[in-house]
Each structure stands twice: as structure tokens, then as C-alpha cells.
Amino acid sequence: MQDKYQPAAIEAAAQDHWDSTMAFRATEDSPRPKYYCLSMFPYPSGKLHMGHVRNYTIGDVFARYHYMRGYNVLQPMGWDAFGMPAENAAIQNNVPPAKWTYDNIDYMKDQLKRLGFAVDWSREIATCAPEYYRWEQWLFTRLFEKGLIYKRLGTVNWDPVDETVLANEQVIDGRGWRSGALIEKREIPMYYMRITAYADELLAALDTLPDWPEQVKLMQKNWIGRSEGVEAHFPYDATSIGEAGALKVFTTRADTLMGATYVAVAAEHALAMIAAARNPALAAFIEECKQGGMAEATLATMEKKGMDTGLKVVHPLTGESLPVWVANYVLMGYGEGAVMAVPAHDERDFAFARQYGLPIRMVIRSTEGRYTEVSEQWIDAYAEYGQLVNSGKYDGLDYQGAVDAIAADLAAKGLGQKRVQFRRRDWGISRQRYWGCPIPMVRCDDCGDVPVPDEQLPVVLPEDVELTGRGSPLTRMPSFFECACPRCGKPARRETDTMDTFVESSWYFLRYASNDNSEAMIDARAGYWAPVDQYIGGIEHAILHLLYSRFFTRALRDCGLIDLSEPFARLLTQGMVVASSYYREDENGNKQWINPTDISVTTDERGRPVNATLKADGLPVTIGGIEKMSKSKNNGVDPLSMIEQYGADTVRLFIMFAAPPDQQLEWSDSGVEGASRFLRRVWAFGYGLLTEHGIGKNSEIPSSLPAPLADVRREIHTHLKQANHDFAKHQFNTVVSAAMKILNALEKLPHGDASASAIAFEGFSILLRLLSPVTPHIAHALWQECGLGDDILAAPWPEPKSDALAQDEIELMLQINGKLRGSFRVTADAQRSDIETTALATEAAQRFMEGKPAKKVVTVPGRLVNIVV
RNA sequence: GCCGGGAUGGCGGAAUCGGUAGACGCAGCGGAUUCAAAAUCCGCCGCUGGUAACAGUGUGGGGGUUCGAGUCCCCCUCCCGGCACCA
């Protein structure tokens with residue numbers, strides 16, 4: 001055995017061992033219970049970053065822990081390989097997206113392997129491979145035929161200079177990121193997935209997921225956004241609108257209907273179009289509303305603007321004529337694209353009415369009587385529920401009574417009814433981009449939109465293309481889009497849009513189980529492994545990816561492909577990796593971000609940072625604060641260079657120790673140094689065990705130990721108990737800390753004593769097994785070197801022994817009036833009355849009670865006594 | 001703007017059911033070892049006062065419940081994630 005810890009050698013040896021024994025090849029015929037452990041697959045952006053390393057280390061800890069706990073574990077890995085960055089790289093470097101992507105996959109796979117993850121690589125998938133996306137196309141045609149996919153107009157960001165559709169990310173302050181042109185909203189035909197058909201089920205089933213973080217379930221619930229309310233119809237005023245009809249609005253505050261003084265419609269609304277045709281100023285305003293991006297955050301923070309259309313509608317209850325306004329804050333995509341405005345009881349309507357001089361009519365009086373009339377300034381109490389006033393026959397009703405009565409009256413007139421509205425809209429999946437899965441549809445002048453038949457799948461994406469940044473190259477490739485209509489055989493045009501990349505990631509977890517099947521999308525093996533028992537990924541996916549996957553699983557279920565509704569039984573959302581950032585400003589005032597590896601920081605005598613300098617020139621730089629590791633802030637730390645310097649185990653140990661998995665993790669070079677120091681001590685202890693404690697290996701631990709040895713052993717088993725408890729709640733940072741405490745205890749054991757050596761062997765075997773999921777290489781090597789067994793993966797998980805934990809006396813805290821004033825010892829089985837007598841007799845109690853009698857004594861067995869005087 | 005989360009020493013964090021605040025680690029300070037350094041080992045380490053014993057104070061800010069609050073309730077501030085075409 002080497003006397004020094006040499007991570008490079010032992011990591012290579014351990015990885016060879018796992019490879020040659022195919023240790024992590026998962027099969028479906030094991031007697032063990034199955035455990036499907038999955039980390040969100042990476043986008044092959046070029047290099048592994050620390051966020052990946054953290055994600056996959058957490059996953060690997062779950063996988064290896066369950067392996068040792070006796071489960072049949074599957075931990076696969078693959079590539080979320082379609083997406084925009086490949087196109088951007090192609091434009092920049094003149095490399096086809098496919099080559100760029102596959103090169104990145106090769107490079108990142110090598111990096112991943114260096115970390116020693118217990119991955120079954122035989123199941124690897126890449127979503128850009130035709131073998132993968134053909135099944136996505138196949139499913140698309142099924143869903144289209146079932147009516148779960150349909151086509152309609154949708155809004156996109158249009159760059160009029162580059163003549164291309166931009167992602168929200170590519171719109172910066174309302175302008176295209178490359179052209180700088182003002183972006184406008186444009187309506188184009190797109191395919192939609194009918195996720196709203198499952199809205200109720202997706203919402204209700206959140207209650208069947210006890211092992212998902214509450215915050216994620218809450219975000220999903222709010223995102224689906226079920227609200228119960230009333231649909232009200234405002235008939236068109238025949239004198240101002242030529243045609244017959246009614247304006248529909250949805251409201252959750254039907255109790256305020258009598259206070260509606262105008263209605264507002266979105267710029268794209270039919271009434272807006274009618275009015276614009278007669279009024280050039282209004283047409284110009286509507287054009288103005290179309291400027292700027294489509295992102296909700298942009299729309300919601302915009303200055304509220306509106307214009308009167310001159311059109312009138314009729315209030316469904318009072319018959320009053322109300323003006324119709326166009327307002328930029330009304331969204332065409334939500335509800336009916338129109339709202340009734342009640343300025344007295346809605347903050348946004350209030351501001352709008354004040355701005356444009358529209359009437360404000362108070363119809364609710366707050367039950368606490370906080371106001372009796374509407375003032376100049378909005379106060380939040382106006383929006384509270386209360387009793388109706390100024391509402392004719394509805395006066396005096398409360399919220400529920402008013403809603404019931406008004407809904408009934410609307411229904412009687414045929415002008416509305418109660419209804420449920422969801423915030424969640426259908427999922428638009430068409431992308432006017434090249435590097436994605438082609439939508440398997442054909443447009444025929446005679447037959448309309450026709451799905452590509454199974455025998456013509458996959459529709460292969462041509463990989464030899466040139467990207468210009470002006471639209472998708474597919475639209476310029478007749479060899480791709482010219483085809484015969486599958487139905488009538490006449491010349492037709494193939495769809496050139498591709499699918500949103502969220503589609504690929506909505507079902508990949510099932511394909512891992514059937515990745516070699518060229519006859520079917522998924523097979524019985526998916527039924528064996530699904531659902532994923534533990535899913536690990538970033539909190540940023542809490543809504544979209546997870547909701548789409550839950551929807552897709554149900555769609556697959558309803559196509560008869562799998563008997564499953566929820567794809568992920570347990571979920572852990574990991575925090576971000578952040579690091580200090582540093583910069584200098586150049587002569588134009590632009591920040592030049594400097595990588596932390598090129599910085600040295602000086603501290604004062606207490607260790608507080610005073611200033612930072614660039615190593616190269618010794619001159620000061622500005623400390624820019626703690627930021628998410630990113631290219632733009634140049635504060636990323638390269639995982640590979642860390643592995644080369646310290647070994648994979650050190651990197652894994654630091655990541656698991658520095659923060660709980662769901663919180664943000666701050667990178668610290670000296671913290672990594674500390675992790676490395678700990679592993680060197682572990683190695684040194686193992687070496688010492690062989691060379692000095694050697695005799696203890698086979699000796700039994702005597703039933704009666706001298707007190708100091710019994711204390712050390714109790715300490716070890718107490719820490720083990722703690723570690724097992726923390727493993728169960730996924731708090732891995734304190735698992736590592738328990739392992740450190742065990743080593744601290746072990747190092748206190750004397751050498752040359754047979755009982756001490758026996759305890760050392762027992763304790764070290766506990767330590768190695770505890771560490772094995774986190775630092776598998778060193779645990780594997782020391783387990784063999786110290787003769788504890790052949791393969792630590794086959795060792796049983798350690799459990800604390802009750803005889804080691806037993807103790808005769810315990811220490812209790814003494815409080816006087818809730819303040820800690822001392823402590824005292826009692827036997828472990830002492831009765832409450834004995835504890836109180838002992839407590840009152842202590843010197844500290846006598847001193848702080850100052851002779852006054854105890855008014856009350858609170859005793860918490862095993863914890864403390866509080867004397868109130 | 002809307003939805004969700006967070007704030008504890010110089011730093012990362014711990015505190016299992018409302019019961020010893022600061023475990024474990026980092027940084028720092030002091031010492032041992034060394035020709036010297038690195039590495040290693042030992043000790044100290046919230047803040048204020050005090051040589052010390054000890055006392056006071058302390059979990060973003062303000063209020064409340066309780067014998068007892070980092071933990072529960074109300075209000076506020078700041079920071080972070082998401083907002084439907086980044087993945």
C-alpha cells in the first residue's frame with residue numbers, strides 16, 4: 001500500500017475495475033427492487049461546467065447509496081442535443097450544427113467519465129439522432145390524429161431586418177440582438193399541444209407527489225392557474241357596431257359587475273380590428289402595441305396605454321352603454337382577450353381610469369368599514385371582498401351570494417354563466433429554426449395538413465447545411481421540402497418548422513429503458529423501470545420541463561404506450577453554483593471580467609477580504625460580488641483542471657460538503673483544499689491502520705470497554721446514526737460532516753491496544769462505507785488495501801449498534817427564567833421528580849434564584865429544566 | 001408587474017417536534033516540528049466589557065405568541081430563480 005494518497009492512480013484503477021466488471025450495467029431480471037435514478041441530461045454546449053458536476057454528483061450519491069442498500073439501480077446518461085446554441089455557433093464559426101454538437105458530446109463524455117459516475121453508458125441517447133427523434137415524429141402523428149395537436153395562429157418575435165423569428169432571449173430591450181432592429185409581434189400558423197385538456201388532472205395529481213418539494217408543486221399549481229369565475233357577455237351596441245354579437249369576458253370578481261364602467265380589449269381583438277378599419281389613429285395605436293417582444297415580463301412592466309375605439313357594448317345587467325377601449329395590458333392569449341374594467345376595485349383598472357378620465361363607481365364596501373368612498377389614491381383595501389352597495393337588487397350581498405345571484409341572472413338572460421378558467425395556455429411547439437426535430441407534416445393544397453405516414457418516418461433533418469442567421473436553411477432546400485402529398489400524391493410542401501426542444505426532453509427518461517429498440521418507441525422495459533424513483537435537476541426547470549413531462553407521460557398513457565401517469569416519483573431541485581467575480585473598467589467604462597484563478601485576495605487580521613489584485617501585474621481590481629458561474633462574468637472554474645489538480649473524489653467531496661444540495665453552492669478554492677486535506681487524512685489513517693493497528697483486524701470488541709474507549713465508540717456510532725438520518729433526508733453536507741467527525745474520533749484512539757485497534761477497524765469500515773457514495777474511488781481502494789473485503793459496492797450499508805450507543809449518565813441544561821445558567825448530570829433513567837430535585841439543588845440554581853421560590857418548573861426529559869421565579 | 005425561494009460569526013454552513021445558537025469545514029491568530037519553507041500536529045477563535053472568573057448582547061429590520069423563538073404569527077427591506085421561443 002502506498003503511504004501517500006495518490007488520487008490519479010487510484011481513480012484510474014477504480015474506474016477500470018468498474019468498467020471491466022460492468023458494475024453499473026443495469027438489467028431487468030434482478031431479484032432486487034428497482035431504483036431508477038436520473039439526473040437531467042446536459043445540453044452539449046462544449047465543456048462540462050460546475051453546475052453539471054454538481055447535478056451528476058448528487059445523482060451519483062443517490063445511485064451508489066441505493067446500490068449499497070440493495071437496489072437494482074439504473075443511472076443512465078444522454079444528451080439534450082437540439083437547440084439554438086448550435087445554430088449560433090454555426091453562424092459564428094462556420095461549422096455545421098451537427099458536427100459541432102457531436103464533437104461536444106465526445107468531449108463532454110470524456111469529462112464525465114473522469115468523475116467516476118456509476119452510469120450505464122450502454123443506454124446513452126442523443127436527441128438529435130434520427131433513431132431518437134423518429135419516435136417523436138411517430139408520436140406527433142398519433143397525437144395529431146387524436147386531436148391533441150392542432151394548428152392555429154400564434155405570436156412570435158419578428159426581426160424585420162434579419163427577417164427571422166427570434167427567441168425571447170434574443171430580444172434585448174425590444175430590439176434584435178444581432179440586427180438591433182425594433183422587434184414586432186407577428187402572427188403565424190403554428191402547431192399546438194393541447195396541454196389544457198389535462199389541466200385539471202395535472203393540477204389534481206400534484207397531491208399524489210408527496211416527495212416533490214412543496215415550492216415546486218406550488219409553482220406548478222399557480223402556473224396551471226385554475227380560477228373559478230363567471231363568463232359575462234356584453235352585447236354589441238347596434239348603433240356603434242354594425243354586426244350582431246357579444247363581447248365575452250371572464251372575471252373572478254363577478255360581484256363587482258355592477259361597477260364595470262368600460263371594457264378593454266387586446267390590440268389583436270376582433271373589435272379592435274373593426275374599429276381600426278374606420279379610425280387611422282386607432283390603427284396606428286394598434287401598430288404601436290405590436291412593437292416590442294412577446295415576453296410576459298416585458299408586457300407586464302410596460303407603461304399602461306390605451307385608446308377609445310368609439311365602439312360601445314351593453315352592460316348585461318343594467319343595459320347601460322359602455323365604451324370599448326384597446327389596452328396594451330390586455331393579453332390576447334389569456335381568457336377571451338378582453339376584460340371588464342371595474343376601476344373602483346381593481347388597481348390596474350383604477351390607474352387606467354384615472355389616466356384617461358373614465359368613471360369610477362364604488363360597489364363594494366369593505367366589511368371592516370375601512371373606506372366609504374373612493375379617493376384620489378389607490379389603497380389595497382379597495383380590492384378586498386365585502387358587502388355590495390350601489391348595486392340595486394344585489395345590495396347587501398356578500399361575495400359568494402353576489403356571484404351566485406349575478407351568475408344566475410346572466411344565465412337566465414343567456415348572457416353568461418359560471419365557468420373555470422386556466423392561466424395555462426396550450427403549448428406552441430413550432431419553431432422556425434433548423435437544428436431541431438422536423439415536424440412530420442405535409443401541406444397539400446387539396447388535402448390540407450397531412451401527417452407523414454409511419455413508413456416514411458423518420459423525416460430526416462439534413463445535416464450538411466450552411467447557416468446565415470436569416471431564417472431556417474430548410475426553407476431554402478427544395479430537396480427537403482418538395483414532396484408528394486401522402487394522401488393524394490400531388491406535389492406538396494413539407495413542413496419546414498421544427499419542434500421546440502422541450503419536446504425531446506419530455507419523454508427521454510422512458511427511451512433510456514428501450515434505447516436499442518428500432519421497432520417501437522418504448523417497450524416493456526420502460527414499464528419495469530418507470531417511474532423515475534429519484535429525479536435531480538436545477539430549480540429553473542421547476543415549471544416548464546417538469547410540467548411538459550407530466551403532460552407527455554399522460555399523453556403516452558392515453559395512446560396506450562405505458563401504464564403511468566406521473567414520470568418522477570421523487571424530485572430534488574439542486575441549487576446553482578456561484579463564485580466571486582472580479583473586474584476592471586476599461587477606458588470606455590466597460591467591465592472587463594477577470595477569472596478568479598488570476599486574482600489574489602488579501603485579508604485583514606480577522607480574515608476579512610480587504611482588496612483583490614491581478615496576479616499578473618499586482619494592481620488592484622474591483623470585487624464584483626457573488627454571481628452564478630457564467631461565461632459573461634468570467635467566473636467559471638473548469639472542472640477538468642480541478643480534477644487534474646486534486647482528483648475527482650476531492651471535487652465531489654467539496655461539492656457535497658459545501659452546501660445542502662437544494663441551496664446555492666459557493667465555489668471556494670480553499671474549501672477544495674480542505675476537502676483534499678481530509679482525504680489525505682483518511683488515506684493516512686488507513687495506512688496507519690495496517691502498519692500500526694494491524695493486530696486488531698480480527699479481534700472482537702470486548703463487551704466491557706474502559707470508559708475512554710467506550711466514549712470514542714459511542715461517538716462513532718452516534719455520528720453514523722446522524723449520517724443515516726441525514727442520508728434519508730438528502731442532506732448530504734451533514735453526511736460528510738458526520739464522516740469528518742468519525743475520522744476525528746478515530747484519530748483519538750491510542751495505538752498498540754487490542755481493543756482500540758478493534759474499534760479502529762470497525763470505525764474505519766463504517767467511515768469508508770459512509771464515504772463510498774460521495775468519494776467512491778478512495779473508498780474502493782482503501783476497502784481492498786485494508787483487507788475489509790473484495791468490493792465495497794457489495795458490502796452491507798452500516799447501521800449503528802445499540803450496545804455502542806448506550807450510556808449511563810446524561811447532561812441536562814439548566815435555565816432560570818429561560819436563560820441558560822448551567823448544566824447538571826443525571827442517570828439516563830432518572831425520573832422527572834429526581835431531575836427537578838437535582839436541578840433545584842445545583843449551585844447555579846441557588847445563586848440565580850436569589851432565595852425566591854420557584855413559580856413553575858418546566859422539565860423536558862433528555863433536554864433541560866427551566867425554573868421560573 | 002405576477003409566482004416561488006432565501007437572509008445565522010470574517011466565509012460556507014449546523015441546530016431532527018418550539019428547548020445548549022454557531023456542530024463540521026474554510027480563513028485568521030498563537031505554538032510545535034524544520035537550517036528555512038511547504039506539508040503535518042497542538043491550541044485559540046460571534047460581538048462588547050473584563051487579566052480572569054464572569055456579565056451583557058446576538059440568527060436581515062420592526063412587532064407579537066410562549067416558561068422558552070433562528071424555528072410559529074403579522075408587517076417591512078434586500079438578494080436570487082421562473083414568467084410560456086435560453087436550456
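Naming: A, B, ... by sequence-line order, numbering from 1 per chain.
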Chemist: Over all heavy atoms of both residues, which pair between Ala745(A) and Ile716(A) is shortest? Give the atoms and the distance, please.
Modeler: CB-CG1, 4.1 Å
Chemist: Taking all non-hydrogen atoms of both residues into account, name the closest pair between Ser45(A) and Asn104(A) and its distance.
Modeler: C-ND2, 3.6 Å
Chemist: Which value, rounded to the nearest 0.5 Å, describes the distance between Phe552(A) atom CZ and Trp507(A) atom CH2?
Modeler: 8.5 Å
Chemist: Given the rule that a pair is Watson-Crick or G-U wobble with both distances under 3.5 Å, how would you write RNA chain B in dot-bracket, using | for pairs to a different strand?
Modeler: (((((((..(((......[....))).(((((.......))))).((((....))))..(((((..]....))))))))))))....
Chemist: Test Tyr508(A) against every option in Tyr548(A), Phe82(A), Phe41(A), Phe502(A) by the ring-ring contact (aromatic ring centres under 6.0 Å, His included) rule and name the one that passes.
Modeler: Phe41(A)
Chemist: Touch check for Ala738(A), heavy atoms < 4.0 angstrom, all strands: base, sugar-phosphate only, or nothing?
Modeler: nothing
Chemist: What's the closest nucleotide to the side chain of Thr734(A) if the choices are G68(B), G12(B), A14(B)?
Modeler: A14(B)
Chemist: Does Phe657(A) reach a base, just sugar-phosphate, or nothing at all? Heavy atoms under 4.0 Å.
Modeler: base
Chemist: Mind checking if Pro42(A) touches a base, just sugar-phosphate, or nothing, with heavy atoms under 4.0 Å?
Modeler: nothing
Chemist: Taking any heavy-atom pair under 4.0 Å as a contact, classify Val857(A): base, sugar-phosphate, or nothing.
Modeler: nothing
Chemist: When we call it a touch if two heavy atoms are under 4.0 Å apart, what does Glu296(A) touch: a base, just sugar-phosphate, or nothing?
Modeler: base
Chemist: At under 4.0 Å between heavy atoms, what does Gln170(A) touch on the DNA or RNA strands: base, sugar-phosphate, or nothing?
Modeler: nothing
Chemist: What's Ala297(A) touching, base or sugar-phosphate or nothing? Going by heavy atoms closer than 4.0 Å.
Modeler: base
Chemist: Under 4.0 angstrom, heavy atoms only, what part of the nucleic acid is Glu666(A) near: base, sugar-phosphate, or nothing?
Modeler: sugar-phosphate
Chemist: Indicate, with a heavy-atom threshold strictly under 4.0 Å, whether Asn744(A) touches base, sugar-phosphate, or nothing.
Modeler: sugar-phosphate
Chemist: Students often get this wrong, so: under 4.0 angstrom with heavy atoms, is Gln664(A) touching a base, only sugar-phosphate, or nothing?
Modeler: sugar-phosphate
Chemist: If you look at every strand shown and take non-hydrogen atoms under 4.0 Å, does His541(A) touch a base, only sugar-phosphate, or nothing?
Modeler: base
Chemist: Which part of the nucleic acid does Gln432(A) contact within heavy-atom distance under 4.0 Å: base, sugar-phosphate only, or nothing?
Modeler: base
Chemist: Atom OG in Ser670(A), atom CZ in Arg677(A): separation rounded to 0.5 Å?
Modeler: 8.5 Å
Chemist: Identify whether the glycosidic angle of C17(B) places it syn (within 90° of 0) or anti.
Modeler: syn
Chemist: Identify, between Arg863(A) and Met576(A), the residue whose nearest nucleotide on RNA chain B lies closer to the 5' end.
Modeler: Arg863(A)
Chemist: Between Arg423(A) and A84(B), is there a side-chain N or O to OP1/OP2 distance below 4.0 Å?
Modeler: no
Chemist: Using OP1 and OP2 only, check whether a side-chain N or O of Arg680(A) sits under 4.0 Å from U40(B).
Modeler: yes
Chemist: Regarding Glu87(A) and Arg431(A), does a basic nitrogen lie under 4.0 Å from an acidic carboxylate oxygen?
Modeler: no
Chemist: Tell me, yes or no, whether the heavy-atom count around Lys721(A) atom NZ, taken from other residues, nucleotides or ligands under 6.0 Å, exceeds 12.
Modeler: no
Chemist: Flag the pair Lys748(A) and Glu715(A) as a salt bridge only when some basic side-chain nitrogen lies within less than 4.0 angstrom of an acidic carboxylate oxygen.
Modeler: yes
Chemist: Between the base of C3(B) and the side chain of Asn222(A), is there a donor and acceptor pair under 3.5 angstrom?
Modeler: no
Chemist: Pick base, sugar-phosphate or nothing for Thr501(A), based on heavy-atom distances below 4.0 Å to the nucleic acid.
Modeler: sugar-phosphate
Chemist: Could you tell me the separation between the CZ atom of Phe848(A) and the P atom of A55(B), rounded to a whole number of Å?
Modeler: 4 Å
Chemist: For G49(B), does the glycosidic angle fall within 90° of 0 (syn) or outside that (anti)?
Modeler: anti
Chemist: Pick the nucleotide of RNA chain B nearest each of Val216(A) and Phe82(A); which residue has the one closer to the 5' end?
Modeler: Val216(A)
Chemist: Sticking with atom C1', work out how far U59(B) lies from G70(B), rounded to a whole angstrom.
Modeler: 5 Å
Chemist: Counting the atoms with a prime plus P, OP1 and OP2 as sugar-phosphate, which does Met190(A) contact under 4.0 Å by heavy atoms, base, sugar-phosphate, or nothing?
Modeler: base
